[in-house]
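A note on names: the letters A, B, ... follow the listed sequences, proteins ahead of strands, and every chain is numbered from 1.
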Amino acid sequence: MSALVCCLLVLLILGFMIVTGLPLFGQSQAMDLLTGAWSPRNNLYGIAPMILGTLWISLLSVTISFPMSLGCAAYISVLGGHKKATVMKGCVQMMTGIPTIIYGFVGVFLLVPLIRETAGRGSGMCILSASLVLAVLIAPTMILFFIQSFDRVPRSWLDAVDALGGSRVQKLVYVVLPACVKGIVTGTVLSFGRALGDTLVALMIAGNAVQTPNSLLDSARTLTSHIALVSAADFESMEFKSIFLCGAVLYLITAVVILGARLIEKRGNHE
Amino acid sequence: MNRWGEKAVYALSVISCMMLFGSVATLLCYLLIKGLPALNLGLIFGSTPVGDALLLKRQVFDGIFPAMAGTLALILLAITIAVPLGLLAGIYMAEYSGRFTRNVFGFLFDLLSGIPSIVVGLFGFSAILFLHHHVSEALVPSLLVSALSLAFLVLPYIVKTTQMALETVPRQTRVTGLALGATKLQNIVFCLIPESFSTILGGIILAVGRCAEDTAVIMLTGAVASAGLPNSLFKGFEALPFYIYYISSQYADQAELNQGFGACIVLLLICATLFILAAIIQRKVKHTLLYRH
Amino acid sequence: MTPPKIKIESLDFYYNNHQILSNINETIPENAITSIIGPSGAGKSTFLSLFNRLWETTPGARVEGRVLARFHHSFMDINTPKFSVTQLRRAVGMVFQMPNPLPMSIFNNVAFPLKLAGIKEKEAVQNRVTAAIKACGLWPEVKDRLEKKATTLSGGQQQRLCMARALVMEPEILLLDEPTSSLDPRSGAMIEELMVDLKQRCTLIMVSHQPDQVEKIADHIIDFTPGPES
Amino acid sequence: MIKRAMVAMITLCTALLVTLPVHANDLDRFAGLSGDLKIAGGTAHIPVVKEAAKRIMTLNPNIRITIAGGGSGAGIKQVGEGLIDIGNSGRRPSSKEIGTYGLALHKWAIDGVAVVVNPANAVTALTKDQLGRIFSGEITNWKELGGNDRGINLYTRDESSGTRSVFWKKALNKGDIALSANFVVSNGAMKTAVANDPSAIGYMSAGFVDQRLTPVVLDGVTPDAASIRNGSYKVARGLFSNTRGEASGLSRQFIDFLLSDQGQAIVKEKGFIPVK
């Protein structure tokens with residue numbers, strides 16, 4: 001029963017986003033909104049800059065986070081000693097509990113000035129800063145996901161490598177990684193979803209300019225921060241209604257990400 | 001693979017560990033250095049005497065006491081709403097659903113847990129706007145709306161934890177109760193839930209942590225910069241993470257900024273405590289709790 | 001040979017599309033130990049699970065044919081839907097290969113089936129639990145520590161506790177799935193003695209891999225070793 | 001028993017005497033009142049409103065005042081929809097807004113919109129023309145204005161901001177603001193952002209200016225209390241508290257308090273210009 005209610009709620013949200021976003025489609029074509037520029041004064045409510053900002057930031061953060069997480073997971077699961085690995089795994093688990101707002105807060109006061117001074121231009125509030133903070137934010141989840149998939153490698157395979165005199169690195173490269181490709185891809189895809197959905201870090205650090213970003217040091221606005229910024233606005237304006245389109249886009253991207261992750265997992269199970 | 005290649009792989013993995021742990025350690029140290037000096041009773045209660053504040057005789061203006069109380073009220077409410085629903089749905093998913101429903105609902109719950117929290121907040125906000133327009137003028141963004149939205153946010157998490165906990169009960173334990181003549185319901189209540197109780201409880205505590213830290217949902221559904229102690233479900237409220245967000249963007253002077261750092265440490269402590277609690281419970285607590293006569 | 005307690009008539013068992021048992025016809029005598037023997041994978045445990053319908057918990061399992069049991073005066077097909085599965089399981093006890101005490105005290109473990117059946121009267125519970133523990137010869141060892149966790153007992157004690165738990169409902173039939181195979185020889189011998197004692201009170205059906213055990217205590221043998229014709 | 005009662009009375013009286021502020025008379029209007037008052041909207045108003053609320057709630061714990069930001073647009077809209085009791089705006093609501101919602105306007109302070117830069121910046125005076133070219137993105141380096149060789153970082157507010165609309169009309173003459181501008185959500189946030197960024201330029205309530213940033217001399221006029229009061233600094237506006245229909249109950253008392261001597265003293269203390 002309650003499961004049914006929950007599921008209805010999920011569909012309700014999507015329906016709500018679309019219905020509320022509909023007036024926008026009346027004014028101009030959907031494609032224009034998705035690909036157009038944002039300039040409320042000229043009656044332009046395109047959310048393309050935000051979509052691009054979102055993609056830049058989440059892709060970059062995953063790109064930074066992926067190698068770091070893979071390295072950490074490899075160390076904890078395979079390369080490191082048992083004792084050290086246990087402690088480190090505990091720490092990583094603890095990290096998942098650090099509130100997002102704290103990453104944002106420290107990012108604003110520590111990283112932003114650092115980036116500004118190092119880069120020598122821009123305000124420091126930019127795609128790069130936001131991506132760096134997000135990379136650290138999503139790493140623990142990604143690591144835990146990788147470790148989980150590493151640990152599913154059958155014990156007997158690892159014993160076989162040990163018995164043949166293989167080193168830990170060889171065990172990692174020849175047995176564990178090939179066996180876990182699917183797990184790694186799934187974990188990365190899900191982390192991408194997490195980076196995509198984060199609001200606070202981008203809102204506090206990315207600068208929120210409504211422009212199509214050209215460089216890593218450009219200020220940018222994500223779909224999520226756009227919602228946070230505009231939701232305080234006049235709620236019958238077209239501006240306000242555009243955030244429902246943002247919501248719907250986020251929703252759809254999330255759905256695709258999760259569907260993708262599930263498909264990959266499913267295919268893994270059949271083999 | 002030659003010796004050097006091996007060394008390189010090993011070194012890279014050590015470097016990644018150092019990068020991650022280094023940055024998190026830097027973050028924490030920075031926070032501690034900046035925030036520890038601010039960590040005193042004044043941070044929490046401002047200039048109001050502690051006793052008076054706790055007995056609710058006087059309001060606290062310059063402290064984070066109202067924000068802490070708001071966060072507490074928010075957590076309690078959200079969890080009270082989410083846990084019964086989540087448990088029931090989880091039990092349904094694990095024990096009663098057919099193959100098809102399990103797949104479909106499973107996907108929907110995954111989807112729900114993946115929805116960005118700001119979208120959940122936006123939904124809560126627009127839903128209450130809608131009700132405000134069409135049902136009653138008295139309905140405005142408030143503590144209750146935030147709690148409902150948050151409950152919605154953690155619901156899939158509780159459902160999944162419950163479901164997984166029940167599904168991973170070993171077959172042997174699963175049939176023990178049945179072999180002794182338990183009905184399906186008895187088996188769930190007396191055998192399966194106690195067996196997986198610690199996992200479920202751990203999951204709930206993590207959900208509490210999620211409620212404590214969330215900012216995106218509450219900033220759209222009722223958190224305000226200044227409201228005093230929460231005293232009604234239908235009014236705005238203060239919350240710790242929102243306070244930190246507010247301070248970060250518009251502190252008036254150094255003292256207020258220091259308070260922001262202090263508040264960060266308080267929030268971090270709260271979350272860490274919850275987290276450690278969850279870990280201890282999942283590992284240590286055996287399932288005695290439900291067997292007391 | 002004692003009169004029959006259970007009759008199995010042209011029984012087939014399927015797991016999804018895979019046939020595990022085909023055309024089984026057997027009779028199980030009352031107040032005797034029936035031993036099921038045969039190589040691994042021959043379906044012995046599946047066969048055992050027919051008598052308390054525990055197979056129903058396995059998705060994809062399906063039975064054709066009849067299993068008739070005589071609980072009062074006449075034989076009834078226990079697979080008909082109108083036969084309550086919980087009633088059946090309360091009348092048919094089961095002991096597993098691995099001792100499986102539940103995570104609660106010794107006393108509560110044995111009292112658990114009573115709780116499930118809704119028997120709450122304190123004195124009755126006390127008496128029946130004590131009797132069951134005594135019947136399994138466990139009383140001297142645990143009488144002072146009934147509130148201790150069942151998992152603190154040794155493996156042999158745990159297995160006897162599980163038997164006590166199965167006996168507390170005074171079942172007419174007791175199923176045992178290799179009850180001694182995970183125990184040391186001495187504990188195993190105690191269980192064997194216990195089984196022989198129990199013959200007066202119920203009908204025992206046991207899966208066993210140990211030929212000497214079968215030889216020693218079984219009154220009737222059902223052999224699942226595939227014949228040359230199959 | 002009587003003795004104990006007397007002791008209690010005396011203690012209470014002493015406590016009251018100690019806690020009562022000097023201008024107790026202006027706060028008297030709240031005696032015996034209770035209930036909730038929801039205020040939101042313009043962020044320039046927050047320091048004054050917060051201080052007033054603190055004094056009122058200290059004296060009368062039965063009154064609860066919640067304060068939120070959101071910007072002038074949100075303030076007007078929300079009070080019009082009945083979501084809040086008082087909607088603040090840093091600009092005069094448009095006649096359309098007043099008509100649609102039947103707003104009653106209460107102006108209780110005058111405030112300038114100051115252009116601000118970081119104290120580290122050598123450029124401290126600009127002409128309106130230069131300002132327009134900076135904000136439209138035409139001038140991108142402080143070097144062009146006689147400052148250090150650093151890129152200019154623009155900071156602006158969202159559409160809902162009253163400060164933005166006043167600045168845009170009166171300082172930029174409705175000129176464009178470059179897309180590359182960073183967005184901040186309130187006057188407080190603008191202050192923080194500019195104070196932390198050496199290459200920043202932004203605009204905000206003159207009442208918020210303190211030693212952490214430098215107000216830019218615009219066309220030869222420094223935005224300070226005197227120049228704003230006498231009208232020589234042109235980029236100025238009133239701070240309004242709006243109610244739907246004529247203010248009544250707590251809202252009335254609150255607005256009256258802002259306009260009282262003590263209220264106006266707070267206005268002055270927080271850096272704004274009293275209307276009385």
For residues 258-274 of chain B, dump all side-chain donor-acceptor pairs below 3.5 Å to protein atoms at least two apart in sequence or in another chain.
residue	atom	partner	partner atom	Å
B:Asn258	OD1	B:Gln254	NE2	3.4
B:Gln259	OE1	B:Tyr243	OH	3.0
B:Gln259	NE2	B:Asp62	O	2.5
B:Thr273	OG1	B:Leu269	O	2.5

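- Interface with chain B: from residues 105-114 of chain A, residues A:Phe105, A:Val106, A:Phe109, A:Leu110 qualify, criterion being any non-hydrogen pair under 4.5 Å.
- For B:Ser146 and B:Thr221, the side-chain atoms include at least one donor-acceptor pair closer than 3.5 Å.
- If you measure heavy-atom distances from B:Ser23 to chain A, the contacts under 4.5 Å come from the side chain alone.
- Checked for salt-bridge contact, B:Glu167 and B:Arg102 meet the test: a charged N lies under 4.0 Å from a carboxylate O.
- Residue contact with chain B, scored on non-hydrogen atoms closer than 4.5 Å, involves the backbone and the side chain of A:Leu259 alike.
- Looking at B:Tyr245, the atoms closer than 4.5 Å to chain A (heavy atoms on both sides) sit in the backbone and in the side chain alike.
- Contact annotation for A:Leu172: only side-chain heavy atoms (C-beta onward) come within less than 4.5 Å of a heavy atom of chain B.
- Enclosure of atom CE in B:Met164 is not indicated, since only 12 or fewer non-hydrogen atoms of other residues, nucleotides or ligands lie within 6.0 angstrom.
- Residues of residues 30-37 of chain B lying under 4.5 angstrom from chain A, judged on non-hydrogen atoms, are B:Tyr30, B:Leu31 by number.
- Taking 4.5 Å as the heavy-atom cut-off, the residues of residues 186-198 of chain A that approach chain B are A:Gly197, ordered by number.
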For B:Phe275 and A:Thr96, run side-chain contact (heavy atoms from CB on, under 4.5 Å): C-alpha distance rounded to whole Å, both residues' side-chain angles, the deciding distance at 0.1 Å, then the answer. CA-CA 9 Å; B:Phe275 206 90; A:Thr96 60; 3.4 Å; yes
